[in-house]
Participant: 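Sharing a structure with you now.
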Amino acid sequence: MYGAQFDALFAPIVPVPEERVIVKEDGETLALSAARTLTFYDTPGHANHHFSIYDSYSGGVFTGDTIGVFYPQLQEAVRLERW
């Protein structure tokens, strides 16, 4: 998708320390605060590892195909003030 621009856009890619990795199964939750719980749903798309995540506080759903994608040009347009 990003072709020759991949390294310029995303480098360096560094591994996440194993002790920081949390594995979730379909329907499991992760409480971030008393007001915010994330619920994970197995939603395989073009890859088997995709999840969708429901945020109880905002009522939003983050879909599997978009998790991990960051567009710097949207940083100013989108503020997560409720965190």
Side-chain angles (χ1 to χ4, degrees):
M1 176 174 180
Y2 298 104
Q5 293 184 346
F6 186 88
D7 287 340
L9 293 169
F10 300 106
I13 296 176
V14 297
V16 174
E18 187 175 349
E19 64 272 10
R20 297 203 57 197
V21 175
I22 300 171
V23 177
K24 291 294 183 185
E25 300 294 333
D26 184 48
E28 288 188 324
T29 61
L30 176 64
L32 299 180
S33 70
R36 175 169 270 152
T37 298
L38 303 179
T39 303
F40 295 79
Y41 295 100
D42 184 22
T43 55
H46 68 270
N48 290 336
H49 62 271
H50 287 172
F51 271 82
S52 292
I53 303 170
Y54 171 72
D55 175 6
S56 66
Y57 187 78
S58 69
V61 174
F62 304 92
T63 61
D65 280 353
T66 60
I67 290 179
V69 175
F70 173 72
Y71 296 99
Q73 63 270 32
L74 297 178
Q75 188 172 11
E76 291 301 316
V78 178
R79 291 285 178 208
L80 299 176
E81 296 176 12
R82 294 183 183 188
W83 278 84

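Predicted, not measured: the structure shown is a model, and the values here were computed from it.
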Participant: side-chain contact (heavy atoms from CB on, under 4.5 Å) with Pro17: which residues, sequence neighbours excluded?
Facilitator: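 Per chain and number, Pro17 pairs via side-chain contact (heavy atoms from CB on, under 4.5 Å) with Glu19, Arg20.
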Participant: So, using side-chain contact (heavy atoms from CB on, under 4.5 Å) as the criterion, who are the partners of Asp26 when residues are at least two apart?
Facilitator: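 Listed in chain order: Tyr41, Asp42.
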Participant: I need the minimum non-hydrogen distance between Val16 and Val21, along with the two atoms involved.
Facilitator: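 Result for this residue pair: CG1-CG2, 4.1 Å.
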Participant: Can you name the closest pair of heavy atoms from Thr43 and Ser52 and give their distance?
Facilitator: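 Where Thr43 meets Ser52 most closely, the heavy atoms are OG1-OG, 2.9 Å.
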Participant: Taking side-chain contact (heavy atoms from CB on, under 4.5 Å) as the definition, give me every residue that meets it alongside Ala35, ordered by chain and number, with sequence neighbours left out.
Facilitator: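 Per chain and number, Ala35 pairs via side-chain contact (heavy atoms from CB on, under 4.5 Å) with Ser33, Tyr57.
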Participant: Just to verify, what does Glu25 make a side-chain contact (heavy atoms from CB on, under 4.5 Å) with, not counting sequence neighbours?
Facilitator: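 With neighbours one apart ignored, the set is Val23, Glu28.
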Participant: Taking atom CZ of Phe40 and atom OH of Tyr54, what is their separation to the nearest 0.5 Å?
Facilitator: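 One finds 14.0 Å between CZ of Phe40 and OH of Tyr54.
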Participant: Do Leu32 and Val61 belong to the same hydrophobic cluster, where Ile, Leu, Val, Met, Phe, Trp and Tyr are linked whenever their side-chain heavy atoms lie under 4.5 Å apart, directly or via other members?
Facilitator: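 Different hydrophobic clusters.
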Participant: Could I get the full list of ring pair (Phe, Tyr, Trp, His ring centres under 6.0 Å) partners for Phe6, not counting sequence neighbours?
Facilitator: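 Expected list: Phe10.
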Participant: Which heavy-atom pair separates Leu30 from Lys24 by the least distance, and what is that distance?
Facilitator: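 Answer, listing the atom of Leu30 first, then Lys24: CB-CE, 4.1 Å.
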